[in-house]
Amino acid sequence: MGIEQRSAPGARREPGAGPAEPATMRAVVQHRYGPPSVLESSEVARPSPGRGELLVRVGAASVHPGDYFVMTGEPYLVRSAFGLRRPRHGIPGRDLAGVVAAVGEEVTAFRPGDEVFGWSATGALAEYACVPADHLVSVPADVSIVHAAAVPTSAMTALQAMRDIANVRPGQTVLVTGASGGVGSFAVQIAKAFGAEVTGVCSTRNVDVVRSLGADHFVDYTKTDFTRAEQRYDVILDNVEAHTLAAVRRALTPTGTLIPNSGHGGRWLGPVGRVVRARVRSGFTRQRLTPFTSFSKRRDLLALADLLATGQVAPVIDRTYPLDDAADALRYVGAGHTRGKVVITV
């Protein structure tokens with residue numbers, strides 16, 4: 001889905017091909033927490049791969065709401081993981097795809113010229129990134145670098161929600177709110193791949209997008225409140241959380257599973273209060289109210305690569321931005337109305 005094609009930054013190269021790698025690189029950097037205006041393009045030293053690492057020439061990197069929270073440092077809880085006073089790593093971004101430029105010691109699974117995608121813990125919005133080899137997998141044939149970069153965090157969240165938390169099975173009914181968004185667009189496709197009957201909740205302008213994802217039904221939230229309709233669902237993945245827990249529970253079957261999955265909440269603790277309430281209430285009902293935290297795992301990235309290769313999952317690309325316009329990309333993501341994924345090309 002989307003219209004991007006494999007472009008020059010993601011073209012395959014033979015091992016050793018091309019000019020010597022430069023000593024510096026262009027990167028997006030931030031020295032303090034704040035709005036997108038804190039991001040600036042700068043020339044920085046190019047990293048070198050350590051033991052077990054790959055140097056990846058980044059062709060594309062995607063951004064998502066989590067990147068926005070880390071950039072702003074709000075909710076303040078994120079600072080406990082990413083730096084109390086300023087970002088621990090000055091280059092933002094996590095999800096990337098590109099070409100292996102060099103390999104570190106003890107790396108045997110990849111070689112220069114291989115196309116890879118995955119996640120970086122030290123920043124993706126740069127011309128190069130050093131990434132542990134076990135954070136990357138090969139880009140499937142006929143999948144563009146832009147599309148591969150859109151996958152890791154959002155698709156892994158959707159996969160773990162549908163497979164590990166909800167245990168979606170053939171014949172079940174699944175409702176996904178925010179169905180046209182980053183996680184939602186993947187969740188609709190993954191639930192369909194698992195054999196579920198899927199309903200997507202979206203706005204009027206996104207109905208065609210949700211239909212193209214393979215949803216069996218859709219609810220236009222500008223016209224219909226799914227919590228007041230008669231339909232009941234075995235699984236609800238609530239990426240928006242525009243309704244109270246009590247209201248959403250009305251749309252569950254008596255033994256259904258609700259997965260709240262919004263990072264929004266209070267300025268200090270974010271969604272923690274809602275998570276606690278869900279956990280407490282789950283102990284007094286047969287319904288499962290199960291907030292969760294997605295963790296990046298290579299085996300899940302391999303599973304997603306298989307779904308990409310077979311065409312069961314295809315990223316929806318809303319917009320692409322050049323690296324120098326990364327601030328605009330994060331500003332757009334922060335507004336909260338993306339269709340699918342936002343990707344930065346390098």
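Along the sequence shown, the residues carry numbers beginning at 1.
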Original post:
Under 4.0 Å between a Lys/Arg side-chain N and an Asp/Glu carboxylate O for D234 and R169?
Top reply: no

Under 3.5 Å donor-acceptor, [X] side chain and [Y] backbone:
X	Y	value
D238	E241	yes
D67	H64	yes
S154	V151	no
S120	G123	yes
T224	F226	no
R232	E230	yes
D95	T153	yes
Q172	V235	no
Q287	L258	no
D216	V198	yes

Looking at [X] and [Y], what are the two nearest heavy atoms and their distance?
X	Y	result
P112	A102	CG-CA, 4.4 Å
A187	A158	N-CB, 3.5 Å
A109	D114	O-OD2, 4.4 Å
M156	S296	SD-CA, 3.7 Å
V103	F110	CG1-O, 3.7 Å
A305	P140	O-CG, 3.5 Å

[X] [atom1] to [Y] [atom2] distance, which is reported to the nearest 0.5 Å:
X	Y	atom1	atom2	result
D324	L39	CG	CG	12.0 Å
L301	H135	CG	NE2	10.5 Å
S294	Q160	OG	CD	3.5 Å
R249	L289	CZ	CG	6.0 Å
R319	R339	CZ	CZ	9.5 Å
T310	L308	OG1	CG	8.0 Å

With side chains defined as the heavy atoms from C-beta onward, is the minimum distance between [X] and [Y] less than 4.5 Å?
X	Y	result
R26	E43	yes
V343	S62	yes
F186	K341	yes
M25	P47	yes
R250	H243	no
P152	L304	no
P260	L245	yes
V209	C202	no

For [X] and [Y], which I'm curious about, is there any donor-acceptor pair between the side chains at under 3.5 Å?
X	Y	result
T177	N239	no
T204	T222	yes
E40	S42	no

Given Y68 and V63, is the side-chain contact (heavy atoms from CB on, under 4.5 Å) satisfied, shown in steps? CA-CA 8 Å; Y68 187 85; V63 289; over 6 Å; no

Using the rule that Ile, Leu, Val, Met, Phe, Trp and Tyr join whenever any side-chain heavy atoms are under 4.5 Å apart, tell me whether [X] and [Y] fall into a single cluster.
X	Y	answer
Y128	V44	yes
L159	V174	yes
V131	V28	yes
Y221	V210	no
F194	V176	yes

Of T199, T173, V248, the one forming a side chain to side chain contact (heavy atoms under 4.5 Å, CB included) with I236 is V248

- Take atom NE2 in H217; do more than 12 heavy atoms of anything else shown fall under 6.0 Å from it? yes

Around atom CZ of R299, are there more than 12 heavy atoms from other residues, nucleotides or ligands closer than 6.0 Å?
yes

L55 vs S48, test: side-chain contact (heavy atoms from CB on, under 4.5 Å). Steps then yes/no.
CA-CA 7 Å; L55 177 66; S48 298; over 6 Å; no

*Verdict with reasoning, T24 to R46, per side-chain contact (heavy atoms from CB on, under 4.5 Å)*: CA-CA 5 Å; T24 61; R46 194 200 72 179; 5.7 Å; no

Which word best sums up how the rings of Y332 and Y321 line up, parallel for under 30°, tilted for 30 to 60°, or perpendicular for over 60°?
tilted

Quiz item: Checking side-chain contact (heavy atoms from CB on, under 4.5 Å) for the pair W119/L96: CA distance, chi angles, key distance, verdict?
Solution: CA-CA 6 Å; W119 72 95; L96 55 79; over 6 Å; no

